[in-house]
Amino acid sequence: MASCPAPPPASAAAPPLLLTPSSTIPIDNPAVRPPSDELRTIFISGLPEDVKERELQNLLRWLPGYEASQVNFKGEHPMGFALFATAQHALAAKDALQDMVLTRSQRIVADSNTYDQSKRMRTGGDYTHTAYSTSPFHPPPPAVWGPHGYMAPPPPPYDPYAGYGVPPVPMPAPAPVPAPSSYVPVQNTKDNPPCNTLFIGNLGENINEEELRGLFSAQPGFKQMKILRQERHTVCFIEFEDVNSATNVHHSLQGAVIPSSGSVGMRIQYPSVFTSLLDI
DNA sequence: AGCACA
C-alpha cells in the first residue's frame, strides 16, 4: 500500500543533478566484451553534501531496471553510482533523472521547468500546490495546553450507581492506557509531508524503549516501531496503518513527556521524504 | 538536530 506520498512534482532552485554514463569497464574493445559488460552504470553528481546512501536508493529504486546504487564520499563532493539491468535502463534512468533537483530542507524532487512553484516552495514552505492537501503544520493541541503547561483532564464521568444504594457491579479493571505524564511545548517549524510514519526526536538522554513502545503501541493504527540509538541522540520511527492514524498521533502526542524522557517533550515529525518511502 | 526498515 502506498501510504507515503511520492515526492511532490514541484521544484526548488538548487543545482541540478548531473548524470553521465559511467563505467569502470574498459570500453576500448567492444568485441571482447560480454553483453553484461555494457554501460549499465550512471554517474550522479550534484548531490547534497550530506546525502545518505539510502536517500539515493529511495530516489532511484522505482526506476525500471534499477539494481543497485552507492555513494562515494571520498572526493570533495559525494558521487553517486547507479547500476541498471541493461544499458537501455541506464540510459532511460539518466534521462529521467537529468536535471532533477533536490532540496535539503524538504527533499523535493522535481524537474527544473517548474520555476514559479519552486519560488513559492522556497519562500513560503507552502505545500498547497502539491499533492498534499493537508498542511504539515498544525496548531498546538487544544485543551491540554495552559499557561503553565499541561492541565489536568476533566473529572471522571457521572457514576450512575452513586446514591442508589446499589453496589456497583464489579467490573474488571480497565487496562491501563499508557499516557504521557505531561506535555511540554516543542518547536516543530520544519516538517515534511504527511505520511503513515512518524519520526520522533528530542527523546532525552536515557529514554526507555519499552516505555516508548508502551505509549505508541497503544495508539490506534500502530504497526511497528524502530528505535535508533545514536551517540548523541536517540530517535525513533513509528509506522501506522495509514496516514490518518499517524496524523492523529502527530497531533495528540506532540510534546509528550514520559518518565524516562526526563522533562523534555518529544518532537514528532513526518520523516524526510526520501527516507520514508516504506511501500511505494 | 539527530531519519531506519524493506
Side-chain angles (χ1 to χ4, degrees), chain A residues 1-8 47-71 73 78 80 82-83 102-109 125 127 132 136-137 184-213 215-217 219 221-243 245-247 249-250 253-258 260-280:
Chain A
M1 244 154 321
S3 310
C4 280
L47 293 168
E49 293 294 321
D50 59 343
V51 69
K52 305 279 190 300
E53 288 224 334
R54 170 146 333 265
E55 281 186 298
L56 189 62
Q57 287 164 11
N58 283 331
L59 173 66
L60 300 173
R61 56 180 230 176
W62 50 272
L63 293 172
Y66 169 79
E67 287 190 356
S69 63
Q70 55 184 292
V71 182
F73 293 97
L83 175 68
L102 310 181
T103 69
R104 275 332 267 174
S105 59
Q106 292 166 173
R107 266 71 161 195
I108 300 302
V109 183
Y127 286 90
Y132 313 112
F137 308 103
V184 152
V186 294
Q187 74 157 349
N188 188 12
T189 47
K190 280 187 202 143
D191 207 337
N192 297 294
C195 165
N196 71 332
T197 301
L198 298 177
F199 171 84
I200 320 290
N202 208 31
L203 283 169
E205 300 268 310
N206 26 34
I207 185 74
N208 177 313
E209 173 163 359
E210 290 320 307
E211 229 169 56
L212 256 195
R213 185 174 298 279
L215 175 62
F216 282 106
S217 62
Q219 306 303 318
F222 171 88
K223 263 179 99 175
Q224 57 168 327
M225 173 179 130
K226 289 268 150 62
I227 192 158
L228 229 184
R229 295 210 169 259
Q230 299 176 126
E231 292 191 38
R232 280 287 280 126
H233 306 282
T234 292
V235 298
C236 156
F237 294 86
I238 320 279
E239 185 190 342
F240 292 86
E241 302 281 352
D242 48 44
V243 183
S245 310
T247 302
V249 173
H250 189 295
L253 292 182
Q254 189 68 271
V257 176
I258 59 178
S260 66
S261 58
S263 55
V264 296
M266 58 182 72
R267 168 168 43 252
I268 304 186
Q269 298 176 279
Y270 299 104
S272 324
V273 178
F274 283 112
T275 64
S276 65
L277 303 178
L278 285 168
D279 42 14
I280 51 178

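Since the model is a prediction, treat every value here as computed from it, not as a measurement. Note on naming: letters A, B, ... go to the chains in the order of the sequence lines (proteins, then strands), and numbering restarts at 1 for each one. Atoms considered below: every heavy atom in the structure, side chains included; atoms not considered: hydrogens, waters and symmetry mates.
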K.L.:
Decide yes or no, distance alone: a donor-acceptor N/O pair under 3.5 angstrom between the base of B:dG2 and the side-chain of A:Arg229.
P.N.:
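Looking at the base of B:dG2, it does not pair with any donor or acceptor on the side chain of A:Arg229 (distance under 3.5 Å).
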K.L.:
Are A:Phe237 and A:Phe199 an aromatic pair by the rule of ring centers under 6.0 Å?
P.N.:
yes
K.L.:
Mind calculating the distance between CG (A:Asn58) and P (B:dC5) to the nearest angstrom?
P.N.:
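Value for this atom pair: 11 Å.
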K.L.:
So which one's nearest nucleotide on DNA chain B is more toward 5', A:Gln187 or A:Lys226?
P.N.:
A:Gln187
K.L.:
Can you measure A:Phe237 atom CZ to B:dC5 atom P for me and round it to whole angstrom units?
P.N.:
9 Å
K.L.:
With a 4.0 Å cut-off on heavy atoms, is A:Glu231 in touch with a base, just the backbone sugar-phosphate, or nothing at all?
P.N.:
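It contacts nothing in the nucleic acid.
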K.L.:
Measure the distance from CD on A:Glu239 to P on B:dA4 and round it to the nearest whole Å.
P.N.:
15 Å
K.L.:
Starting from P on B:dG2, measure out to CD on A:Glu55 and report it in whole angstrom.
P.N.:
11 Å
K.L.:
Holding to salt bridge (charged side-chain N to carboxylate O under 4.0 Å, His left out), I want the full list of residues that pass it with A:Arg213, two or more places apart in sequence or in another chain.
P.N.:
A:Glu209
K.L.:
So, does A:Glu211 use its side chain to make a donor-acceptor pair with the main chain of A:Ser260 at under 3.5 Å?
P.N.:
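Confirmed, A:Glu211 side chain pairs with A:Ser260 backbone.
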K.L.:
Given atom CG of A:Asn196 and atom P of B:dA4, what is their separation to the nearest angstrom?
P.N.:
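So the CG-P distance, A:Asn196 to B:dA4, works out to 16 Å.
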K.L.:
Rounded to the nearest Å, what distance is computed from the CD1 atom of residue A:Ile268 to the P atom of nucleotide B:dC3?
P.N.:
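Interatomic distance, CD1 of A:Ile268 to P of B:dC3: 18 Å.
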K.L.:
State which residues pass salt bridge (charged side-chain N to carboxylate O under 4.0 Å, His left out) with A:Glu53; sequence neighbours excluded, sorted by chain then number.
P.N.:
none
K.L.:
Quickly work out the A:Leu56 CG to B:dC3 C1' distance and round it to whole Å.
P.N.:
16 Å
K.L.:
Rounded to whole Å, how long is the line connecting atom NE2 of A:His233 with atom C1' of B:dA1?
P.N.:
6 Å
